[in-house]
Asker: 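Quick one: structure below, then a few questions.
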Amino acid sequence: MHHDVLLLSRIIEYIPVGIVVIKSDSTVYYANLLAEQLFNCARNQLYGKTLEHCVSGFNIHLSWGDILDRIFKGELNEVSVILEPVDRDVLICKLGVFYVGGDENQQNTTIALMFRDITQEEHIAEQIEKKNLEMAKMNSELIRSNAELKKVSEMKSNFLSIASHELKTPLTSIKGYSDIIIDNMKDKIDSGVYRMIESINRAADRLHKVVNSILDVTRIEQKRLRLKPEMLDLKSVAMDCLDELSQFYIKRGIKFRCDFNDNMPLFYGDKMRMQQMFTNLFSNAIKYSPDNSFIDVVLFPENEDRIHLVVKDYGIGIDKSEQKNIFDAFYEIGSAYRHSTDYTKFMGGGSGLGLSIVKGVIERHGGRIWVESDGAKENEFTGSEFHVVLPVQSEISWDDDETKALIIERVEDNEIMDTNEQTDLKPTILFIDSDKEAIEIARMVLEIAFDIIVAETGETGLTLAFEHKPSVILMDSYLPGLDGYRICRILRSQEETRDVPIAFFSAGTQNDAIQKCFASGADDFIVKPFSGRELVDKIWRLLMKKKEEETFK
Ligand code: ADP
């Protein structure tokens with residue numbers, strides 16, 4: 001028994017809670033070791049004294065006297081107090097209380113006060129709260145700058161889209177004039193000048209490609225990449241792309257090793273976009289590989305639902321830290337110089353757009369792309385492995401009502417007409433366009449085979465159309481005064497001009513513009529910049545169509 005009491009008193013003595021026992025006369029009867037430390041006062045100094053004498057302390061609302069008073073009255077069980085011991089830092093404690101003994105009248109009551117030091121916890125809580133506040137601030141800052149970034153990104157996309165469309169018009173002139181010179185004036189001009197024109201023509205083609213890539217990127221960013229899906233044999237699409245690129249890799253001794261599975265299912269996707277995917281991946285593999293190396297292409301069904309493509313090269317490789325970035329628009333690592341020969345520049349400098357378009361196209365088909373590489377190392381060809389997984393039956397979410405499919409088909413239909421069917425009688429073409437340069441090019445190309453009349457406004461166009469009854473009308477959708485669509489509707493509503501084939505010029509292929517043009521009654525659509533050949537082909541096709549319709553009337 002004695003042993004147990006000793007044990008208990010030792011526990012009370014060393015327990016990490018400051019215990020102070022107080023009699024009903026408010027004087028201290030006992031204090032344990034921690035209480036001594038908390039009050040910074042030897043216990044024999046405490047005994048017989050009131051708490052006010054021992055340590056100055058308070059609660060936000062109550063003084064020591066109030067606290068004890070309320071404890072004795074049984075109104076208070078636990079409260080936070082601040083202790084201010086002499087010569088020591090302030091402490092924050094949780095003060096708990098329990099009755100040790102006393103009679104019913106609350107005479108001779110003995111209570112034990114238990115001080116739990118929570119200074120440290122409070123301090124941490126305070127820090128956490130401070131950090132939380134800072135984080136909340138940072139968060140709102142982030143939300144704001146995110147919104148700003150989104151706005152800037154949208155502005156960038158819009159700017160690129162508008163700028164690219166604007167570029168197409170002057171490109172029409174450059175491409176058109178140089179086409180004409182190349183096709184018709186070889187013997188008439190100095191060979192040096194001729195070569196310069198050829199180089200202008202090639203530069204225009206390259207710029208045209210870049211402009212189209214930028215338009216693709218903005219379409220992807222603005223989620224308006226339209227697909228024209230059909231059942232495709234991806235093996236043959238891949239082979240066609242390799243054929244197209246052969247002039248670039250054969251001369252560098254690069255060999256493609258194709259391992260195409262025999263049981264490849266047909267893939268439901270957009271042929272042109274799949275060609276774009278293969279061409280970009282293959283040409284990157286060529287571009288970043290040394291001469292006389294291999295490129296492996298593997299195409300196999302991963303299971304019933306998915307097709308897997310691997311394009312593996314043994315070239316300069318891609319650093320792990322760059323592997324995510326390369327799919328961003330306009331991103332280039334710029335390490336192509338560590339290449340073996342000058343041939344690496346065969347495609348001109350990259351624009352950093354290829355992979356972002358590839359990714360956009362793949363994701364639009366419900367697939368994904370990633371790259372695996374051990375990183376780019378000095379004087380070592382680590383190689384890169386691009387993986388593409390595509391769902392066989394991609395749920396392409398485009399609104400494929402038949403009219404849209406038909407319109408796009410008509411726009412993309414580039415089958416060349418047999419121009420030998422020219423008749424002796426020169427058909428008349430009415431041009432309604434305010435773009436003088438486009439008219440000039442068209443005139444130069446077409447004069448040999450057609451009579452050309454030109455109107456620079458819609459109103460004059462209407463007058464000339466009724467006067468001359470042209471065989472074909474070509475007009476811009478944007479005209480000063482009455483716009484092209486209105487003119488087209490008027491022409492279609494009049495007996496004399498109802499059956500004249502009409503084609504629109506446009507600087508873009510946005511669905512809206514195409515739809516508007518066909519809705520107003522036009523037969524075809526010529527995208528600027530057009531080449532001389534393209535223009536002739538389109539006009540002949542319109543004429544032949546008219547002839548066919550007349551035959552079947
Ligand atoms: P680019 O027109 O510059 O090739 P891409 O978007 O196609 O633009 O590629 C982005 C960047 O990714 C390239 O500039 C190049 O640094 C890197 N890259 C792409 N393909 C490969 C590859 N097969 N091997 C090494 N680096 C590559």
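For reference, positions follow the sequence shown, starting with 1. Every number for a ligand or one of its atoms is a count from 1 in the order of the listing.
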Asker: Going by side-chain contact (heavy atoms from CB on, under 4.5 Å), name the residues that satisfy it together with D435, two or more places apart in sequence or in a different chain.
Answerer: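 Expected list: T169, D433, E437, A438, K528.
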Asker: Within a distance under 4.0 Å of any heavy atom of L353, pick out the atoms of ligand 1 and give their elements.
Answerer: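 By the 4.0 Å cutoff, the relevant atoms are 6 (O), 8 (O).
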Asker: Is a donor from one side chain sitting under 3.5 angstrom from an acceptor on the other, for H387 and E385?
Answerer: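 Yes, side-chain donor-acceptor contact under 3.5 Å.
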Asker: Any N or O on I316 sitting closer than 3.5 Å to an N or O of ligand 1?
Answerer: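 Not met; the criterion fails.
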Asker: Geometry only, no angles: is L355 polar-contacting ligand 1 at N/O separations under 3.5 Å?
Answerer: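 Yes.
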Asker: If you measure every N or O of S356 against every N or O of ligand 1, does any of those distances drop under 3.5 Å?
Answerer: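 For ligand 1, there is no N or O atom that lies under 3.5 Å from one belonging to S356.
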Asker: Start with the C-alpha distance between Y485 and F504, add both sets of side-chain angles, then the distance that settles ring pair (Phe, Tyr, Trp, His ring centres under 6.0 Å), and finish with yes or no.
Answerer: CA-CA 9 Å; Y485 308 118; F504 272 102; 5.4 Å; yes
Asker: Applying a heavy-atom cut-off of 4.0 Å, say which part of F327 lies close to ligand 1: side chain, backbone, both or neither.
Answerer: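 No part of F327 is near ligand 1 at this cut-off.
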Asker: Could you tell me, atom by atom, which parts of ligand 1 come under 4.0 Å of a heavy atom of I318?
Answerer: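 Reading through ligand 1 atom by atom, the close ones are 21 (C), 25 (C), 26 (N), 27 (C).
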Asker: Determine whether the aromatic ring centres of residues Y314 and F294 are separated by less than 6.0 angstrom.
Answerer: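 No, the ring of F294 stays outside the 6.0 Å limit from the ring of Y314, centre to centre.
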Asker: I'd like to check which ligand 1 atoms, numbered from 1 as shown, lie under 4.0 Å from a non-hydrogen atom of K287.
Answerer: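 In order of number, 1 (P), 2 (O), 4 (O).
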Asker: For atom 21 (C) of ligand 1, tell me which residue out of Y288, F282, F330 has the closest non-hydrogen atom.
Answerer: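 Looking at heavy atoms only, the winner is Y288.
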Asker: Could you tell me whether ligand 1 has any atom less than 4.0 Å away from a heavy atom of N280?
Answerer: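 Not so, N280 does not reach ligand 1.
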Asker: Give the atoms of ligand 1, by number and element, whose distance to some non-hydrogen atom of G354 is under 4.0 Å.
Answerer: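 Ligand 1 atoms under the 4.0 Å threshold to G354: 5 (P), 6 (O), 7 (O).
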Asker: With heavy atoms of G317 as the reference, note each atom of ligand 1 found under 4.0 Å away.
Answerer: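 What qualifies from ligand 1 is 25 (C).
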Asker: Only counting residues at least two apart or in another chain, list the ones meeting side-chain contact (heavy atoms from CB on, under 4.5 Å) with L266.
Answerer: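 Only M231, D233 meet the side-chain contact (heavy atoms from CB on, under 4.5 Å) criterion with L266.
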Asker: Would you say the rings of F256 and F282 are close, in the sense that their centroids are separated by under 6.0 Å?
Answerer: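 F282 vs F256: aromatic centres under 6.0 Å.
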Asker: Where the side chain of S373 meets the backbone of I318, is there a donor-acceptor pair that is under 3.5 Å apart?
Answerer: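 The answer is yes, because a donor-acceptor pair under 3.5 Å joins these two groups.
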Asker: Output, in order, the C-alpha distance, side-chain angles, deciding distance and verdict of side chain to side chain donor-acceptor pair (under 3.5 Å) for D374 and T382.
Answerer: CA-CA 6 Å; D374 279 346; T382 45; over 6 Å; no
Asker: Of A285, S384, G352, S213, which has the heavy atom at the shortest distance from atom 24 (N) of ligand 1?
Answerer: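 Answer by nearest heavy atom: S384.
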